[in-house]
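Notes follow the structure.
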There are 2 protein chains.
Amino acid sequence: MDLTALRTANPEHWAKAAAIRALTLDAVAAANSGHSGMPMGMADVATVLFEKHLKFDASAPQWPDRDRFILSAGHGSMLIYSLLHLCGDAQVTLDQIKNFRQMGALTAGHPENFLLDAVETTTGPLGQGLANAVGFAMAEEIQRAQYGRKIVDHHTYVMAGDGCLMEGISQEAIGLAGRHNLGKLILFWDNNNITIDGSVELSDRTNQVQRFKASGWQVIEIDGHDPQAIDEAITAAKKSKKPSMIACKTHIALGHAAQDTSKGHGALTDADQMKAAKEAYGWTTGPFEVPADIKSQWEAIGSRGAADRAEWETRFAEVSEQKQNRFNRAYAMDAPKKLSAAVKALKKQISEDKPKVATRKASEMALAVINPIMPETVGGSADLTGSNLTKTGDMGVFDTDNRKGRFVYWGIREHGMAAAMNGMALHGGIRPYSGTFFCFTDYARPSMRLAALSKIPSVFVMTHDSIGVGEDGPTHQPVEHLAICRATPNTYVFRPADAVETAEAWEIALSAKETPSVLSLTRQGLPTVRTEHKLSNLTAKGAYVLADAEAKRQVILIATGSEVAIAMEAKAKLEAMGIGTRVVSMPCMELFASQDETYRRKVLPAGPVRVGIEAAVRAGGWDRWLMGERGQDKKAAFVGMDSFGASAPAGELYEKFGITADATVAKVKDLLG
Amino acid sequence: MDLTALRTANPEHWAKAAAIRALTLDAVAAANSGHSGMPMGMADVATVLFEKHLKFDASAPQWPDRDRFILSAGHGSMLIYSLLHLCGDAQVTLDQIKNFRQMGALTAGHPENFLLDAVETTTGPLGQGLANAVGFAMAEEIQRAQYGRKIVDHHTYVMAGDGCLMEGISQEAIGLAGRHNLGKLILFWDNNNITIDGSVELSDRTNQVQRFKASGWQVIEIDGHDPQAIDEAITAAKKSKKPSMIACKTHIALGHAAQDTSKGHGALTDADQMKAAKEAYGWTTGPFEVPADIKSQWEAIGSRGAADRAEWETRFAEVSEQKQNRFNRAYAMDAPKKLSAAVKALKKQISEDKPKVATRKASEMALAVINPIMPETVGGSADLTGSNLTKTGDMGVFDTDNRKGRFVYWGIREHGMAAAMNGMALHGGIRPYSGTFFCFTDYARPSMRLAALSKIPSVFVMTHDSIGVGEDGPTHQPVEHLAICRATPNTYVFRPADAVETAEAWEIALSAKETPSVLSLTRQGLPTVRTEHKLSNLTAKGAYVLADAEAKRQVILIATGSEVAIAMEAKAKLEAMGIGTRVVSMPCMELFASQDETYRRKVLPAGPVRVGIEAAVRAGGWDRWLMGERGQDKKAAFVGMDSFGASAPAGELYEKFGITADATVAKVKDLLG
């Protein structure tokens, strides 16, 4: 393709865009890995966006009222790294560009929010950034309603490719954005008609324009290499009350021999072809060299928002101190001081009242106390509001005519929900929690992993957590899901035994700054086992002695959630036989593992036989606690599931699968020989 | 709503449909759980479909050329149970209807293919049935091309609600069906405008008609309670070259006080309201009583296809015996006798050549031998064909003009791919395998669970299985995914160490009849460790002694996949120090667990210290093998990952995370004190 026409039509624009293309070629070649084609294809759109529209200040990447820029097509990471370097971002030095994808570099293979302040969210798994962006835009709407336009008033821009649009999560995101008229959400579709396997036609013929319109989006179709058209499209999109999709017809790997081919998707490292491409760009400097005039033009773009920011700081200084503090506290993810006292009061009351409630109900009781003192919480459910019990009276429903509403009806969209929650938290100022059935953790899984990887404290409220679900049967009965969540690094998995532990789990989850939480909650009612009020948060220890042996200690029963009551029942039977039995409640294995050896030994001393009880598979981290610190499997046993469940009343299922006090007693006697 | 008009307009139709509604009310009331509204809303559509169009013979539910009927909205299970009972299905007796959702009943909460022959697929997790149906329809196209219209020529009908259409997987399914012009796929959308949380508008305003048209579907909009309109719509759909979506405007819980409300979605058990509804239906008999004339009309429908089937049997008898055998063998999921010999020959050659190849490449080598002798295999990739290496030269590409093609370009649709694979296998005659990156197991997870639960031998080829991925970084580096797959019941997780084990794994995976397999394969090259040819399939044992101690045995190193070579290197270093070291390769923990105690003890005898080596989290089932059968953690250690990975060249990552021979030697020396 002859680029002369493009170059001569807009020489100044062209030179700035060429800088992105040249840096991309050089960095990918140096790394000998990466993706050259996407940044080369979208450089024009990005240049116009940053030069004419994006509200940002490269010297203050965390300025709360900046526009958000999300690269959903995360493999094109050199686009964002080039932009940040050119604009003068303090972290993305030339050395970082030269060390693209190398050990210890901030310029990782895919953009990682925990490495670079200016990266809004970690992308790479396709479709996630688009769904995150919906959460960002919802957070902006909610906060604008809470704090007013003077404090919160920005756009969310997201770039996505065909990969993002083919992933199912994209439909969930598109549907949500359309339903809620997220007019400040603007999506650029990198419409280059190429995927890794070849032409898009190989796998898809969807009319994306029609598809987006079907969900209530404004769609604008442009030539993605025409700066004027790009500028006009963004201007039109900013005026729209609907979310806007700008379909940018682009050429992947523009100007390179691999242009418009799937080869152009990957690493373009051939020296001669790079040389030819740079010549086509009119780029004459050496590798990683950006002419001073072009660099300074980019740096001017990087500081373009400084004045805006200064004015914002002034406006922010004018709002009430209380509002400022609330705003700053929420952005810092600091829980309010009142939280701990409120939870203590609730725990005291529960220990006195000793209600027999499901932990999903206990969760609702905790939220009823917490939500009024944490205006930053936003709750929701994937069409199971009455089952998850995540909605409290004070929240109001988020809707087009009630942006202050703090409860979201996500619809049957577990995946989009989890990704949007992550987006809300990353936007800042919001603490998202939402629910579905624990079994459908499966649907939300890719976003739950990214919450853990990206250090996002989203709270996933997963009710109906075992065969206790009953008649709905094995498709709705988790058995491996505790194992799945526990195997994931940087994730708190709470399985509280009663209303007290549930309140404690909520306090921890809502105080966490960099760790997501999963609350695994029962459908069925459970007795209160924490009948003696303790000020301290015992769940924070991960595991603790709930009831110690009366007779000489020969047995330790370790249980979680609904099985703690079974352990207590087994203890009574064993003590009646003169077998001293300690019951350890273990609501959070991760937190117990983080305790010092002394405490762990105190809770799980050597000597007694151990039986773990959990209505799930043993693979869920159990062996470490049953045998890891002492002894042989001859001295340890597990009462739980080793298959999928079945469809029948819950009580009968516990009998069928042998998760009972009698079964526990039998295992103990077998171990004691 | 006054039903008089509906009743009087089509009294005969009405009575048959009322039988479904009455049985549903009675069964749900008896179970005191379940979902009444959907069957009551879709009874008219189902009645017309079964009476006038569905090609089936209730006495032979497994007849290969039957039309497939899939209830994607699986919570409406009483619809399918009522239909089967009324049509005279031998399994669904009146007692089964009376025992709906009870222990041991075949009428589980959600339809389960492994309980009832006439249930095509297990549904409940929303959207799955719709995506399965795409696989059913693709399987029909492929087999029609292979065997001709006289042997294979049927439709796939699927019923889905708003829940199915909101789940992201639906978009992947819709896109695939549109791309491939699956004209024999007919979807009924139960357009009742109600979800559990309330009106659909609460969470979605998507124009479904426009959305389906955007992906190339024919859409027909009808009144879902007008039998004539239903009949005409199905007739038109059957003529279409495109997949058809019939938008059926229905009333959930028709005729009940809860009609058109979210309450109508659940269990309607109020006696007076049931009485009133039955009166509105003109239904005068007692609970579970179906008037003889109506039952006999339904039984006539159930035997309507007997003649078709007899003619098919005659046609089938006319085709060549070889074709008959191939057809029957494939439907029985029997591997060809030639498979074992072919794999043995490949193994022998590999042991001689000792290639250093990635196991993804080894997988391609195995498929190149297997695919030509297994015409029932259908392969594919989620837009990573050149990375997963799942395409062999002989397959051809499945397309609108090449229905004989056996390779599917699934696009960036891991979830839809996995669900469609399940559908292909359940259709019969096809053995599906397809690939993506192991990390994106996350996207396919809900369908992979259903493969295990539903006993479907789909083969998931998951390449790029560890930090060995390198520069793409933590978003693309699995660390917990082996744990996730191993925690799932009824799943074989293979992590072969070299090309020999890879071939053995393929033989097992393609011989399995009721268990899905996950092949976890490397991106990076691995040396051949099985340099001595063995006829027997050692991988079938799950674990085996790869190299025994030379000096006095003090250590057992247990490793999988890419870490087996590291174990061998560590062994060499240890033996050089006079420390006798056995290396156990453990390509499949599930198969090793299924061996008898004697064999397991032989491989892992008491005494020596043990070190497990796997570039993944220890939670992936390791403690059982390190400590479960003997000893204390003082005598066992693990070399692996306890965090997410990073972006850098693979070799440097193995050093950074300490997964090396030297690190292994150090742990051994620490254990030996």
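Every value quoted in this text rests on a predicted model; they were computed, and no experiment measured them.
Across A:Pro446, A:Ser454, A:Gly124, A:Ala619, the residue that shares the most heavy-atom pairs under 4.5 angstrom with chain B is A:Pro446. Per-residue heavy-atom pair counts under 4.5 Å with chain A were compared for B:Gly411, B:Ser387, B:Ala214, and the maximum is reached by B:Ala214. Chain A forms more heavy-atom pairs under 4.5 Å with one residue of B:Glu201, B:Arg486, B:His180 than with any other, namely B:Glu201. Across A:Met641, A:Gln208, A:Met103, the residue that shares the most heavy-atom pairs under 4.5 angstrom with chain B is A:Met103. Most heavy-atom pairs under 4.5 Å with chain B: of the set A:Gln171, A:His481, A:Glu652, this distinction falls to A:Gln171. Annotation: maximal heavy-atom pairing with chain A below 4.5 Å, among B:Thr123, B:Asp204, B:Leu126, occurs at B:Asp204. Counting heavy-atom pairs under 4.5 Å between each of B:Thr385, B:Leu453, B:Asn207, B:Ile169 and chain A puts B:Leu453 at the top. Most heavy-atom pairs under 4.5 Å with chain B, from the set A:Thr488, A:Leu115, A:Thr475: that is A:Thr475. Counting heavy-atom pairs under 4.5 Å between each of A:Arg179, A:Glu480, A:Arg211 and chain B puts A:Arg179 at the top. Contact count versus chain A (heavy atoms, under 4.5 Å) is highest, among B:Ser215, B:Pro125, B:Ala382, B:Ala646, for B:Pro125. When the candidates B:Thr206, B:Asn32, B:Asn99, B:Val617 are compared by the number of heavy-atom contacts under 4.5 Å with chain A, B:Thr206 comes out ahead.
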Under the side-chain contact (heavy atoms from CB on, under 4.5 Å) criterion, do A:Glu167 and B:Glu414 qualify, and how do the steps go?
CA-CA 8 Å; A:Glu167 291 287 1; B:Glu414 301 80 9; 2.7 Å; yes
Step-by-step side-chain contact (heavy atoms from CB on, under 4.5 Å) determination, B:Arg445 to A:Ile484:
CA-CA 11 Å; B:Arg445 165 78 198 153; A:Ile484 289 171; 3.4 Å; yes
side-chain contact (heavy atoms from CB on, under 4.5 Å) evaluation trace for A:His476 with B:His75:
CA-CA 11 Å; A:His476 287 51; B:His75 53 277; over 6 Å; no
For the pair B:Ile412 and A:Asp162, evaluate side-chain contact (heavy atoms from CB on, under 4.5 Å) and give the outcome as yes or no after the intermediate values.
CA-CA 8 Å; B:Ile412 301 93; A:Asp162 287 292; 5.5 Å; no
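Judged by distance alone, the side chain of A:Arg413 and the main-chain N or O of B:Ser203 form a donor-acceptor pair under 3.5 Å. In this structure, B:Arg101 contributes its side chain and A:Ser647 its backbone to no donor-acceptor pair below 3.5 Å. A donor-acceptor pair is defined here as one N or O able to donate and one able to accept, closer than 3.5 Å; such a pair exists between the side chain of B:Glu172 and the backbone of A:Gly168. With hydrogens and angles disregarded, a donor-acceptor distance shorter than 3.5 Å links the side chain of B:Asp383 to the backbone of A:Ile196.
Looking at B:Phe440, only its side chain comes within 4.5 Å of chain A, counting heavy atoms on both sides. Only the side chain of B:Cys439 comes within contact range of chain A, judged by heavy atoms closer than 4.5 Å. With a 4.5 Å cut-off on non-hydrogen atoms, A:Glu655 does not touch chain B at all. The parts of A:Ala452 that come within reach of chain B are both its backbone and its side chain, each placing non-hydrogen atoms under 4.5 angstrom from that chain. When heavy atoms are compared at a cutoff of 4.5 Å, B:Pro111 does not approach chain A at all. Only the backbone of B:Ser643 has a heavy atom closer than 4.5 Å to any heavy atom of chain A. Residue A:Ala108 touches chain B through both its backbone and its side chain, counting heavy-atom pairs closer than 4.5 Å. Contacts between A:Glu112 and chain B at a heavy-atom distance below 4.5 Å involve the side chain alone, from C-beta outward. For a residue to count as touching a neighbouring chain, one of its non-hydrogen atoms must lie under 4.5 Å from one of that chain's; by this rule A:Ser77 does not touch chain B. The part of A:Ser33 that comes within reach of chain B is its side chain, from C-beta onward, which places non-hydrogen atoms under 4.5 angstrom from that chain. Heavy-atom distances place the side chain of A:His35, and not its backbone, under 4.5 Å from chain B. Looking at A:Cys485, there are no atoms closer than 4.5 Å to chain B (heavy atoms on both sides), in backbone or side chain. Using a 4.5 Å cut-off between heavy atoms, A:Val479 contacts chain B through both its backbone and its side chain. Heavy atoms of B:Leu384 lying under 4.5 Å from chain A belong to its backbone as well as its side chain. Looking at A:Leu653, the atoms closer than 4.5 Å to chain B (heavy atoms on both sides) sit in the backbone and in the side chain alike. For a residue to count as touching a neighbouring chain, one of its non-hydrogen atoms must lie under 4.5 Å from one of that chain's; by this rule B:Ser447 does not touch chain A.
In this structure, B:Gln102 CD and A:Glu471 CD are separated by 6.5 Å, a value rounded to the nearest 0.5 Å. Atoms CZ and CG, from A:Arg449 and B:Asp442 in turn, are 6.0 Å apart once rounded to the nearest 0.5 Å. From A:Thr400, atom OG1 reaches atom CZ of B:Arg205 across 5.5 Å, with rounding to the nearest 0.5 Å. Taking CZ from B:Phe644 and OG1 from A:Thr122, the interatomic distance works out to 10.5 Å, rounded to the nearest 0.5 Å.
Note: A:Tyr443 and B:His415 have perpendicular aromatic rings, judged against thresholds of 30 and 60 degrees for the angle between ring planes.
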